[in-house]
There are 2 protein chains.
Amino acid sequence: MAQTNPPFMSGVPELLLLRLLDQREMYGYELVRSVRKVTGEAISLGEGVIYPALHSLERNGALKSRRKPVGGRTRVYYALTAKGRQRLDKLRNDWRRIQGGITNALEVPSHA
Amino acid sequence: MAQTNPPFMSGVPELLLLRLLDQREMYGYELVRSVRKVTGEAISLGEGVIYPALHSLERNGALKSRRKPVGGRTRVYYALTAKGRQRLDKLRNDWRRIQGGITNALEVPSHA
DNA sequence: CGAGTATACCTCGAACTAAAAGGTATTACA
DNA sequence: TGTAATACCTTTTAGTTCGAGGTATACTCG
């Protein structure tokens, strides 16, 4: 027992990664900069977040990776699987829901 | 050292509480139901989140409380202080920023 | 050529949050 | 009388994210 659910706002790093990888395959180090860029510097995820997330996503079958030598150095590229696309849809919906809920709370003059 | 910052998405419970209390004073048990209601059931914060948050907010001077007997039972009502209003503004801005960042990441067809 | 910076991968430990459950007491109602 | 609802609170546990550290290769510039 003591069956604790994940915090209600978690999964955003995962969402961002899946979203980016839905466009094209990318490698970890690239994703670090990419997340910062596409969020307009609002969100910055360090390597200590990105790499473990990628590994976990791959273990769950949401991503598949391939090693690709580029200029003498090796990169690990990640791409979405069908399962990953489903996961992305789910997380996107979850996000919309909570985002909407908060927006509502902030905007509605709640004495109404 | 090992100076760990709070997670980038934290502070939403706090934001919701301050926002509600900016409208009128309320007591803990009421806030539990109120959060659920104003977020359209999207977010549900238990008493184990609400009460500690209220205590911490009061310790920081963002809230002040007064005990008020109602029908033989005692309620603890919380109200915003000036400091609390400042804190609300800050958290609201933080939220807008990260919310905007995520929206941007989700909507922009990032191959552009 | 050598030193420093950037790229690229990774892991571990600490800090922090939030979830759930449990605990007490009073009042309402059936 | 006994059960559900109100009202407060704390503690334990689980989970996520953060920062720092660690390795290694490539590039740049004096």
Side-chain angles (χ1 to χ4, degrees), chain A residues 1-17 25-36 39 42-60 63 65-78 91 94-95 98 101-102, chain B residues 1-17 25-36 39 42-60 63 65-78 91 94-95 98 101-102:
Chain A
M1 55 207 72
Q3 136 88 341
T4 309
N5 282 340
F8 69 99
M9 296 263 296
S10 69
V12 170
E14 199 183 326
L15 171 60
L16 292 173
L17 293 180
E25 68 171 6
M26 294 174 101
Y27 58 97
Y29 196 76
E30 183 183 12
L31 283 162
V32 172
R33 291 168 305 192
S34 206
V35 164
R36 195 160 33 215
T39 61
I43 296 170
S44 184
L45 302 178
E47 299 175 41
V49 173
I50 301 276
Y51 286 115
L54 290 173
H55 299 156
S56 146
L57 249 4
E58 184 170 28
R59 268 197 308 278
N60 300 340
L63 299 180
S65 69
R66 64 188 185 97
R67 327 187 100 260
K68 192 179 170 186
V70 177
R73 191 186 275 116
T74 299
R75 295 175 179 166
V76 184
Y77 279 85
Y78 292 88
L91 287 178
D94 289 352
W95 168 253
I98 79 118
I102 295 174
Chain B
M1 51 214 73
Q3 137 89 342
T4 310
N5 282 340
F8 70 99
M9 296 263 297
S10 69
V12 170
E14 201 183 324
L15 170 60
L16 292 173
L17 294 180
E25 67 172 8
M26 293 173 103
Y27 57 98
Y29 196 77
E30 184 183 12
L31 283 161
V32 172
R33 291 169 305 193
S34 206
V35 164
R36 196 160 31 215
T39 61
I43 296 170
S44 183
L45 302 177
E47 300 176 40
V49 173
I50 301 276
Y51 286 114
L54 290 172
H55 299 156
S56 147
L57 250 4
E58 184 170 29
R59 268 197 310 277
N60 301 340
L63 298 179
S65 68
R66 64 189 186 96
R67 328 188 99 259
K68 191 179 171 184
V70 177
R73 189 186 278 115
T74 300
R75 294 175 181 168
V76 184
Y77 278 85
Y78 292 89
L91 288 178
D94 289 353
W95 167 253
I98 78 120
I102 295 173

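Every chain is numbered from 1 and lettered A, B, ... according to where its sequence line falls, protein lines coming before strand lines.
Here the straight-line distance linking atom CG of A:L45 with atom CZ of A:R33 works out to 14.5 Å at 0.5 Å rounding.
Both A:G72 and B:E30 sit near DNA chain D, but only B:E30 has its closest nucleotide nearer the 5' end. Place A:G48 and B:N5 on DNA chain C by their nearest nucleotides, and A:G48 ends up nearer the 5' end.
Following rounding to the nearest Å, A:R33 (CZ) and C:dA6 (P) show an atom-to-atom distance of 12 Å. Rounded to whole Å, the distance from CZ on A:R73 to P on D:dC27 is 7 Å. Atom-to-atom, CZ of A:R66 to P of C:dC9 comes out at 13 Å; the value is rounded to the nearest Å.
Contact annotation: B:Y51 reaches the phosphate of D:dC8 (side-chain N/O to OP1 or OP2, under 4.0 Å). Contact between the side-chain N/O atoms of B:Y27 and the OP1/OP2 oxygens of D:dA7 is found at a separation under 4.0 Å. In this model, the phosphate group of C:dT11 is approached by a side-chain N or O of A:H55 to a distance below 4.0 Å at OP1 or OP2. At the phosphate of D:dT6, OP1 or OP2 sits under 4.0 Å from a side-chain N or O atom of B:Y29.
At a threshold of 4.0 Å, the pair B:R75-B:E30 does not count as salt-bridged, since none of the basic side-chain nitrogens sits closer than that to a carboxylate oxygen.
Minimum atom distance to the side chain of B:F8 is reached by D:dC18, of the listed C:dA19, D:dC18, D:dC8. Considering only side-chain atoms of B:Y78, the nucleotide from D:dC8, D:dC9, C:dA20 that sits closest is D:dC9. Closest to the side chain of A:E47, from the set C:dA20, C:dC10, D:dT16, is C:dC10.
Across all strands, B:P52 comes closer than 4.0 Å to base atoms (heavy-atom distances). Within 4.0 Å of A:G28, counting heavy atoms only, lie sugar-phosphate atoms of the nucleic acid but no base atom.
Using cut-offs of 30° and 60° for the angle between ring planes, the A:Y78 and A:H55 rings count as tilted.
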